[in-house]
Amino acid sequence: MVGYTAVVEALSLEGNMSLGALAYTMGSWSARTLEKHGTEEQKAFYLPMIATGEAAFSLCVSEEKTGSNVAAMQTSVRLGEDNRGYLIKGKKSWVINAPNTDYFIVIAKHQGLGEDVKYSDPERQFHQDKRKTGSMSAFIVPKKAPGVTVGQLKPFIGLRGLQVSELILDDVPIPLDYLIGKTGDGFGIAMEAVSMERHVMGAVLLPLLKKLIDQAAKYVSDRHVFNRPLSDFHMIRDKLTEAAYLVYALESMTYLTSLLIDTTIKPEFDLESAAVRAFAADIAPRVVRNLMEIYGASGVTHDRSFDQALRDILTFSDIDGGTDVARLYIALSGYQYAGLAQLSDIQKLSNPFAHPQAALRRSLQSLGIKRAAKRTVYLDDYVHPTLQNFAYMLETCCTEFGQCAEGLLYEYNKDLVNRQVELKQTAEMAILIYASFAVLGRCSRAYCVGMKHNKQEMNLAALFFYYAKRRIHSIWEEIGSGPDVKGRESMMHEAAVHMVTERSYGVEHPLTRNY
């Protein structure tokens, strides 16, 4: 995985995000799906062609009217009249590289069967029964198959090097052995394809961001204003440095996640991959904005290419379903495990008369009386002595995160799944903590082995720690403030309902008269 990540980053050099995005989608979404779920015959036939460039694959999951709700897809599959093949019908949207691909991996929902046939094989009968439930499966669909039509191009606002279009499937006949995995595995295959290696999206962004930082550093070094180098101005240095420590954190997270996958026997790092993906989408526009401001008016001209950078970044941030979806995935998956661990305490709170101590503690917390953060682990034993203070800061952040998660579980119990603002906040805390671990490990190693510019790495790591700690502590205080949060939430709800009801901004112009 480390090698694959490095290859994707290399293909994105000079800020060519379209090529990197194409390599990522074809590698992580298509080739990896065949490698993990394809039959031995499918892998032997298709994977060599992908490796040599003889064949290209595209994954087809999204549909225009269903968005991120994959379970609501309309594309259907049914057995043919002779029960010896499948017929796929429907329309897929936003298919990347569709005009140039040779094969599609199509996720379709079983809607019906052909003639009922009694199978002697129990497994075939089980599969037939499973199809009746409306489960989804994944199929290989050749572009040359009858009934396959590549629709009109629908280019994104960015990543203009990618060709994106619809795929129309009109009762496309598919042999039985074109099924990927088992019948009914389609939903899991689709979710795994877009989630397992999302951290590689960081590798696509890194070359562009580092290129913009390099250009800004040269500009600041050469430019003089009021007979002084531009680098003498504190605000300019702050913008350049903030861009650097955010990119340093993203780079650390990306390669740490790849390393963890490579060194684990049964890797399950969906949460870590989602964290890298969400962090990348958050910091990339901020980095570009900071660097634009360094140039002043010339930063908004076409000569600086910031317009293309912003278009590419904003497009790439939504290519796999949106950043908010990734945040909710992180939070809900984490709370699933936390809820099981705290099940006993939650049950005590459901019967406060039998457990008055637990009820009293929860009441004090709801009034905003928070416990001071205490150390529970000692990370300073694992890092260079010069980084012990930052290890302690990270421990404090972990404790505050645990208090927030525990408090929200007690407060909302099962209703927490509907508290999207709180879920987003705790997901942000988790993302920053994971980034801090990646930064701490990387800079400690750089200092211990004497890497070139290790002092710069120490500075960037320290700056990121201060940034992450402030943000985590701010969320901790906001969640613990109780009534203030609920009052703000009520106003947000009321304001949103008003705009939706009025179907507009919903406020009169300041020059409007009411007489």
Side-chain angles (χ1 to χ4, degrees), residues 67-69 274-275 278-279 281-286 289 314 317-318 321-336 338-339 342 346 349-350 352 359-373 397 399-433 467-515:
S68 299
N69 186 10
F279 184 77
D282 283 338
I283 65 107
R286 181 173 177 174
R289 177 66 179 172
L314 293 175
S317 297
D318 285 328
T323 307
D324 284 338
V325 175
R327 291 194 191 99
L328 291 176
Y329 174 76
I330 293 167
L332 291 173
S333 298
Y335 276 117
Q336 179 181 0
Q342 300 291 335
I346 294 173
L349 289 173
S350 64
L360 178 60
R361 184 183 67 169
R362 185 65 231 141
S363 299
L364 293 175
Q365 289 177 347
S366 67
L367 292 173
I369 302 174
K370 303 185 291 294
R371 306 186 305 277
C397 291
T399 302
E400 292 178 349
F401 171 68
Q403 290 176 2
C404 286
E406 181 185 276
L408 291 172
L409 275 172
Y410 291 159
E411 181 75 20
Y412 299 109
N413 206 333
K414 293 181 180 180
D415 192 49
L416 184 58
V417 297
N418 300 316
R419 309 291 303 185
Q420 292 190 350
V421 173
E422 288 83 357
L423 291 175
K424 176 183 175 181
Q425 289 175 317
T426 48
E428 184 180 352
M429 295 176 80
I431 292 166
L432 290 173
I433 288 172
Y467 161 79
K469 185 178 185 300
R470 284 196 304 269
R471 182 59 189 145
I472 290 171
H473 189 72
S474 173
I475 296 174
W476 179 67
E477 289 189 325
E478 184 177 345
I479 290 178
S481 62
D484 292 341
V485 174
K486 293 181 179 179
R488 174 182 173 275
E489 178 188 339
S490 176
M491 288 185 285
M492 291 283 284
H493 174 74
E494 187 175 343
V497 168
H498 176 75
M499 286 187 284
V500 171
T501 303
E502 297 293 325
R503 302 171 68 90
S504 67
Y505 171 48
V507 177
E508 296 294 333
H509 191 276
L511 299 182
T512 301
R513 296 183 178 183
N514 61 352
Y515 57 89

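Below, each value reflects all heavy atoms present in this structure, side chains not excepted, and no hydrogens, waters or symmetry copies.
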Discussion item. Once rounded to the nearest 0.5 Å, what's the spacing between atom CG of Asp415 and atom CG of Leu408?
Written reply: 11.5 Å
Worksheet, complete the sentence: Between the CD atom in Glu406 and the CZ atom in Phe401, the distance rounded to the nearest 0.5 Å is 12.0 Å
Discussion item. For Ala430 versus Ile330, what's the shortest heavy-atom pair and its separation?
Written reply: CB-CG2, 4.4 Å
Discussion item. As an exercise, state the distance from CD1 of Ile472 to OG1 of Thr426, rounded to the nearest 0.5 Å.
Written reply: 12.0 Å
Worksheet, complete the sentence: Scanning both residues in full, the closest heavy-atom pair of Ala281 with Pro285 reads O-CD, 3.1 Å
Item to complete: Quick one: pull up CD1 in Ile479 and OG in Ser474 and give me the separation to the nearest 0.5 Å.
Response: 10.0 Å
Worksheet item: With Glu494, which residues qualify under side chain to side chain contact (heavy atoms under 4.5 Å, CB included), at least two apart?
Response: none
Fill in: Least distance between heavy atoms, Met499 atom then Tyr505 atom
CG-O, 3.5 Å
Item to complete: Hey, could you give me the SG/CZ distance between Cys397 and Arg471, rounded to the nearest 0.5 Å?
Response: 12.5 Å
Discussion item. Applying salt bridge (charged side-chain N to carboxylate O under 4.0 Å, His left out) as the test, list every pair that has at least one member in residues 321-334; sequence neighbours left out.
Written reply: Asp282-Arg327, Asp324-Arg327
Worksheet entry | Sequence neighbours excluded - salt bridge (charged side-chain N to carboxylate O under 4.0 Å, His left out) pairs with any residue from residues 417-427 | Arg419-Glu422, Arg419-Glu489
Item to complete: Considering non-hydrogen atoms only, spot the tightest contact between Leu423 and Val417 and give its length.
Response: CD1-O, 3.8 Å
Worksheet item: Where is the tightest heavy-atom contact between Gln420 and Leu328, given as atom of each residue plus distance?
Response: NE2-CD1, 4.1 Å
Worksheet item: Which of these passes side-chain hydrogen bond (donor to acceptor under 3.5 Å, both in side chains) with His473: Glu477, Arg470, Lys469?
Response: Glu477
Discussion item. Give me the atom names and distance for the closest heavy-atom approach of Tyr467 to Arg286.
Written reply: OH-NH1, 3.3 Å
